[in-house]
Amino acid sequence: MIFDTILVQVHGNVGLVTLNRPEALNALSKQLISDLVKALDKLESDDSIGCIVLTGSEKAFAAGADIKEMQSQSYPETFVHDFITDGWERVAHCRKPTIAAVAGFAVGGGCEIAMMCDFILAADSAKFGQPEIKIGVTPGAGGSQRLTRAIGKAKAMEMCLTGRMMAAEEAEQAGLVSRVIAAENLVEEALKTGQSIAEMPRPAAMFVKEQINRAFETSLGEGILYERRIFQSLFGSPDQIEGMRAFVEKRKPDFQFKK
Ligand code: DAK
């Protein structure tokens, strides 16, 4: 898969997508989002892929939507053409597990795309922010919602109202990222984590993702009912039989639903 603005590689059972517009700190242009959508479509339809890692460069995961591209839009144009909506939610709609491996700046739309992934691994150099207010707008791709759910009202308000960036250590303490990793090991560690997920029974991994995301969309009672039904349904899967049998027989499971 060859694209102008991203690099796509396969490592074992993990698809690695690297945002690649170094001249603009990986600003998320229309072309980049279109390339990203195509790459994700392809990786999602490839049965050998069990997890997708999204990363950027050492300096920037992504510095947000491309300001030079959007600066001349008028309100009627943004509304009529549903400006930069197309494709932006594709990461959030991935059915396979996704990991954002973030080094350097993840700001504006960059922070929003990272938050659309299932979890974020941060390099010790990572900086997160929603600085849109400094250019006269607000977050527009879920930042005000996903950031608030991740780190709570006080920190989300401060970050969106002041544009202050949050470094990796604070982001881990606040619950925005799952782990902080030395920058030089970030991609390797993300690929290793991705491979361990890809080797899990595929339906169970995809169901876990649905269960946890449901927690943000529903009441506790409904969410627990949803979880229970999924748990029960997996007793119809060959990998439940194999997984439990292997445990009892003290051997490594040989799951069917992975390639
Ligand atoms: N767009 C275009 N170019 C950018 C850019 C951006 N967002 N960020 C950086 N660049 C370019 C710079 O213009 C510069 O280019 P040259 O001058 O060399 O040609 C080059 O990248 C290097 O940037 P700097 O010289 O500024 O680098 P520094 O290390 O000094 O500073 C920085 C790094 C990240 C602090 C700074 O670049 C910065 O503040 N960038 C802008 C960050 C920002 O405001 N981002 C939010 C943009 S608004 C929606 C979907 C998405 C969105 C909204 C709605 N819908 C689905 C409805 C998203 C909106 C946004 O993200």
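Computed from heavy atoms alone, side chains included, the values below leave out hydrogens, waters and symmetry copies. In each ligand, atom 1 is the first atom listed, and ligand 1 is the first ligand listed.
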Exercise. Would you say the ring centroid of F83 lies under 6.0 angstrom from that of F79?
Worked result: no
Exercise. Counting heavy atoms only, which of A60, A65, A63 comes nearest to atom 61 (O) of ligand 1?
Worked result: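 Shortest heavy-atom distance from atom 61 (O) of ligand 1: A65.
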Which ligand 1 atoms does [X] reach within 4.0 Å, using its non-hydrogen atoms?
{"X": "W88", "value": "50 (C), 51 (C), 56 (C)"}
{"X": "E132", "value": "48 (S)"}
{"X": "P131", "value": "43 (C), 44 (O)"}
{"X": "F83", "value": "57 (C)"}
{"X": "A27", "value": "1 (N), 2 (C), 6 (C)"}
{"X": "G64", "value": "61 (O)"}
{"X": "G108", "value": "46 (C), 61 (O)"}

Greater than 12 external heavy atoms within 6.0 Å of [X]'s [atom1]:
{"X": "K30", "atom1": "NZ", "value": "no"}
{"X": "E169", "atom1": "CD", "value": "no"}
{"X": "R164", "atom1": "CZ", "value": "yes"}

Where is the nearest protein heavy atom to [atom]: which residue, which atom, and how far?
{"atom": "atom 4 (C) of ligand 1", "value": "A24 O, 3.9 Å"}
{"atom": "atom 23 (O) of ligand 1", "value": "L25 CD1, 3.6 Å"}
{"atom": "atom 50 (C) of ligand 1", "value": "A141 CB, 3.3 Å"}
{"atom": "atom 52 (C) of ligand 1", "value": "I84 CD1, 3.7 Å"}
{"atom": "atom 15 (O) of ligand 1", "value": "K68 NZ, 3.4 Å"}
{"atom": "atom 49 (C) of ligand 1", "value": "G140 O, 3.4 Å"}
{"atom": "atom 1 (N) of ligand 1", "value": "I67 N, 2.9 Å"}
{"atom": "atom 20 (C) of ligand 1", "value": "E23 O, 3.5 Å"}

Exercise. Can the positive tip of R214 be found less than 6.0 Å from the middle of the six-membered ring of Y226, inside 45° of the ring normal?
Worked result: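 So R214 does make the cation-pi contact.
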Problem set entry | L54 and its side chain to side chain contact (heavy atoms under 4.5 Å, CB included) partner, picked from L36, I120, V102, L40 | L36
So, [X] and [Y]: side-chain donor and acceptor under 3.5 Å apart, yes or no?
{"X": "E132", "Y": "Q130", "result": "yes"}
{"X": "N20", "Y": "T18", "result": "no"}
{"X": "D4", "Y": "Q31", "result": "no"}
{"X": "D35", "Y": "T5", "result": "yes"}

Exercise. Between M70 and ligand 1, which part of the residue brings a heavy atom under 4.0 Å of the ligand: side chain, backbone, both or neither?
Worked result: side chain
For this session: Answer side chain, backbone, both or neither: which part of K59 comes under 4.0 Å from ligand 1, heavy atoms only.
Result: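 It is the side chain that touches ligand 1; the backbone stays farther off.
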Exercise. What are the two closest heavy atoms between A60 and N26, and how far apart are they?
Worked result: O-ND2, 2.9 Å
Problem set entry | Over all atoms of both residues, closest heavy-atom pair of L16 and V187 | CD2-CG1, 4.1 Å
Look up [atom] and tell me if a protein heavy atom lies less than 4.0 Å from it?
{"atom": "atom 30 (O) of ligand 1", "answer": "no"}
{"atom": "atom 26 (O) of ligand 1", "answer": "no"}
{"atom": "atom 36 (C) of ligand 1", "answer": "no"}
{"atom": "atom 44 (O) of ligand 1", "answer": "yes"}
{"atom": "atom 39 (O) of ligand 1", "answer": "no"}

Exercise. Are F105 and I135 linked, directly or through other ILVMFWY residues, by side chains that come within less than 4.5 angstrom of each other?
Worked result: no
Exercise. Are R90 and D41 within salt-bridge range, i.e. N to O under 4.0 Å?
Worked result: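 Yes, this pair counts.
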